[in-house]
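Taking it in order: structure first as structure tokens, then the write-up.
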Amino acid sequence: MYLFNGEIKQGEELLNRAVKYGDGLFETIRIYEGKILFWEKHMDRLRRGMEILKLQANVDLFALLLLKNVQFLIKEKEINGHGRARIQIYRKGKGAYSPIDREPGYLIEVYPFDGNTYQSLYPVNLCTYDEFRLSPSPLNGCKTSNALPYILASMYAQDEGFEDALLFTLDGYVSEASSSNIFFIQNKKLYTPPLSTFCLDGVMRSNIIQLASELKISLYEKKFKLNELKKAEAIFLTNTIRGIVPVNHLDGQTYASN
């Protein structure tokens, strides 16, 4: 028995280790015209994260279970258009810093979209966030339940009147935005920070890199600092929910947004 926002509750569902210790992972997945996009890429990243967190499961069977449940919720909610699914994975069982169990549990949510955000390319205004810098970790590239740096960056952007904020590494290299990977265009070449800047191994980022290769577009994963980024001809952000989002302003400087 415990108090939850002033109400007495029983059971352990709300007291899972993701809530107590951030002991888990999550994936946010795009639903497009009723279909799940990029499922295998999401599961590849989830598999890597589960291995790092030492969550013990037959990952192929577990991924199949997740897929069936997402499909069930899409059908139950009658999402024939656009939406998103969020899968939260956490370590089951009791224990404090030393868990008793290593089996994964899961929570799945599915939400509809009113429209197709892939076709609503509203440019964003971007600021820089320097109060928290990203550092090397075995969890870099995964989506863990501890998203505090990105929450703080997003709140900073809101408070300053921007839509998104850039984060940096300890030595000042651009890493990513608070909810997206970042690319810029200069002299008909495409650039994005490498994973060694501790950015998320984004699914849409991977798709852009693959597409650039197929279209013979010169793309470079390289480290760069803010002064180089500000010299770009165009900047855009990517994630699986919004797709490709052009940047209109960075710290007040205007960029091409189409």
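All residue numbers in this chain count up from 1 along the given sequence.
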**Report entry** Cluster check L139, I87: I/L/V/M/F/W/Y, side chain < 4.5 angstrom
**Finding:** yes
Report task. To the nearest 0.5 Å, tell me how far L64 CG sits from D60 CG. Result -> 9.0 Å
Query raised in the report: Between W39 and I29, is any pair of side-chain heavy atoms under 4.5 Å apart?
Result: yes
Requested in this report: Side-chain contact test, heavy atoms from C-beta onward, threshold under 4.5 Å: evaluate it for L166 versus C127 and give yes or no.
Outcome: no
**Report entry** Any side-chain heavy-atom pair of I89 and L53 under 4.5 Å
**Finding:** no
Query raised in the report: Could you go step by step and tell me if L65 and L61 meet the side chain to side chain contact (heavy atoms under 4.5 Å, CB included) rule?
Result: CA-CA 6 Å; L65 172 67; L61 291 178; over 6 Å; no
Requested in this report: Start with the C-alpha distance between H42 and I36, add both sets of side-chain angles, then the distance that settles side chain to side chain contact (heavy atoms under 4.5 Å, CB included), and finish with yes or no.
Outcome: CA-CA 11 Å; H42 282 287; I36 302 168; over 6 Å; no
Requested in this report: Kindly say whether Q186 contributes a backbone atom to a donor-acceptor pair with the side chain of E233 at under 3.5 angstrom?
Outcome: no
Query raised in the report: Around E160, counting heavy atoms of other residues, nucleotides and ligands shown, do more than 12 lie under 6.0 Å from its CD?
Result: yes
Query raised in the report: Going from CD1 on I52 to OG on S137, what distance comes out if it is rounded to the nearest 0.5 angstrom?
Result: 8.0 Å
Report task. Could you tell me the separation between the CD atom of E221 and the CG atom of L195, rounded to the nearest 0.5 Å? Result -> 6.5 Å
Requested in this report: Rounded to the nearest 0.5 Å, what's the gap from CD on E228 to OH on Y173? Could you check?
Outcome: 9.5 Å
**Report entry** Face-on cation placement of K77 at Y111 ring, 6.0 Å and 45° thresholds
**Finding:** yes
Query raised in the report: Under a single-linkage definition using a 4.5 Å side-chain heavy-atom cutoff for Ile, Leu, Val, Met, Phe, Trp and Tyr, are Y90 and M50 assigned to the same hydrophobic cluster?
Result: no
Report task. Evaluate the ring planes of Y97 and Y21, with Trp represented by its six-membered ring, and classify them as parallel (under 30°), tilted (30 to 60°) or perpendicular (over 60°). Result -> tilted
Report task. Look at atom NZ of K35 and say whether more than 12 heavy atoms of other residues, nucleotides or ligands are closer to it than 6.0 Å. Result -> no
Query raised in the report: With a 4.5 Å heavy-atom cut-off, do D251 and K230 have their side chains touching?
Result: yes
Report task. Would you check, one step at a time, whether the test side chain to side chain contact (heavy atoms under 4.5 Å, CB included) holds for H82 with R30? Result -> CA-CA 8 Å; H82 306 284; R30 187 69 158 84; 3.5 Å; yes
Report task. Indicate, with yes or no, if Y32 and V70 share a hydrophobic cluster defined by side-chain heavy-atom contacts under 4.5 Å among Ile, Leu, Val, Met, Phe, Trp and Tyr. Result -> no
Requested in this report: Flag yes if L66 and L107 sit in one hydrophobic cluster, no otherwise; membership is Ile, Leu, Val, Met, Phe, Trp, Tyr, and two members link when side-chain heavy atoms are under 4.5 Å apart.
Outcome: no
Report task. Kindly give the heavy-atom pair with the smallest separation between P112 and I79, and that separation in Å. Result -> N-CD1, 3.9 Å
Query raised in the report: How many angstroms lie between atom CG of L250 and atom OG1 of T128, to the nearest 0.5 angstrom?
Result: 7.0 Å
Query raised in the report: What do you reckon, are the aromatic ring centroids of Y255 and H249 less than 6.0 Å apart?
Result: no
Query raised in the report: What's the shortest heavy-atom distance between S196 and K223, and which atoms?
Result: OG-CE, 3.6 Å
Requested in this report: Carefully, step by step, assess L126 and I182 under the rule side chain to side chain contact (heavy atoms under 4.5 Å, CB included).
Outcome: CA-CA 11 Å; L126 192 61; I182 185 166; 4.2 Å; yes
Query - Non-hydrogen side-chain atoms of L55 and F62 separated by less than 4.5 Å - result: no
Query raised in the report: Between the side chains of N146 and T144, is a donor N or O closer than 3.5 angstrom to an acceptor N or O?
Result: no
Query raised in the report: What's the shortest heavy-atom distance between S179 and N239, and which atoms?
Result: O-ND2, 3.0 Å
**Report entry** Residues, nucleotides or ligands: over 12 heavy atoms within 6.0 Å of L148 CG
**Finding:** yes
Query raised in the report: Just wondering, are more than 12 heavy atoms of other shown residues or ligands nearer than 6.0 Å to CD in E214?
Result: yes
Report task. Find out if a path of hydrophobic residues (ILVMFWY) with successive side-chain heavy-atom gaps under 4.5 Å connects F38 to M43. Result -> no
Query raised in the report: If you count the non-hydrogen atoms of other residues, nucleotides and ligands that lie under 6.0 Å from NZ in K75, is the total more than 12?
Result: no
Query raised in the report: Are any of the side-chain heavy atoms of V245 and E163 separated by less than 4.5 Å?
Result: no
Query raised in the report: Hey, what do you get for OG1 (T240) to CZ (R84), rounding to the nearest 0.5 Å?
Result: 9.0 Å
Report summary line: Looking only at heavy atoms, the pair that brings A18 and Q88 closest together is CB-NE2, 3.9 Å
**Report entry** Greater than 12 external heavy atoms within 6.0 Å of D114's CG
**Finding:** no
Query raised in the report: Taking all non-hydrogen atoms of both residues, which atom of R133 and which atom of T169 are closest, and how far apart?
Result: CD-O, 3.0 Å
Report task. May I have the step-by-step check of salt bridge (charged side-chain N to carboxylate O under 4.0 Å, His left out) for K41 and D44, ending in yes or no? Result -> CA-CA 5 Å; K41 288 191 175 183; D44 285 343; over 6 Å; no
**Report entry** Connected-component partners of Y150 among ILVMFWY, side-chain separation under 4.5 Å
**Finding:** Y129, F132, L134, L152, Y156, L167, F198
Query raised in the report: So do the side chains of I185 and F236 get within less than 4.5 Å of each other, counting heavy atoms only?
Result: yes
**Report entry** By side chain to side chain contact (heavy atoms under 4.5 Å, CB included) - contacts of K143 (at least two apart)
**Finding:** F26, E27, T28, R45, L200
Report summary line: In short, R47 meets A63 closest at the heavy-atom pair NH2-CB, 4.0 Å
Query raised in the report: Does the N187 side chain pair with the main chain of K189, one donor and one acceptor, at a distance under 3.5 Å?
Result: no
Query raised in the report: D164 side chain to S178 main-chain N or O, any donor-acceptor pair under 3.5 Å?
Result: yes
Query raised in the report: Taking it one step at a time, do R91 and D23 satisfy salt bridge (charged side-chain N to carboxylate O under 4.0 Å, His left out)?
Result: CA-CA 6 Å; R91 196 186 317 273; D23 189 1; 2.7 Å; yes
Query raised in the report: Would you call F183 and I244 a side-chain contact if the rule is heavy atoms closer than 4.5 Å?
Result: no
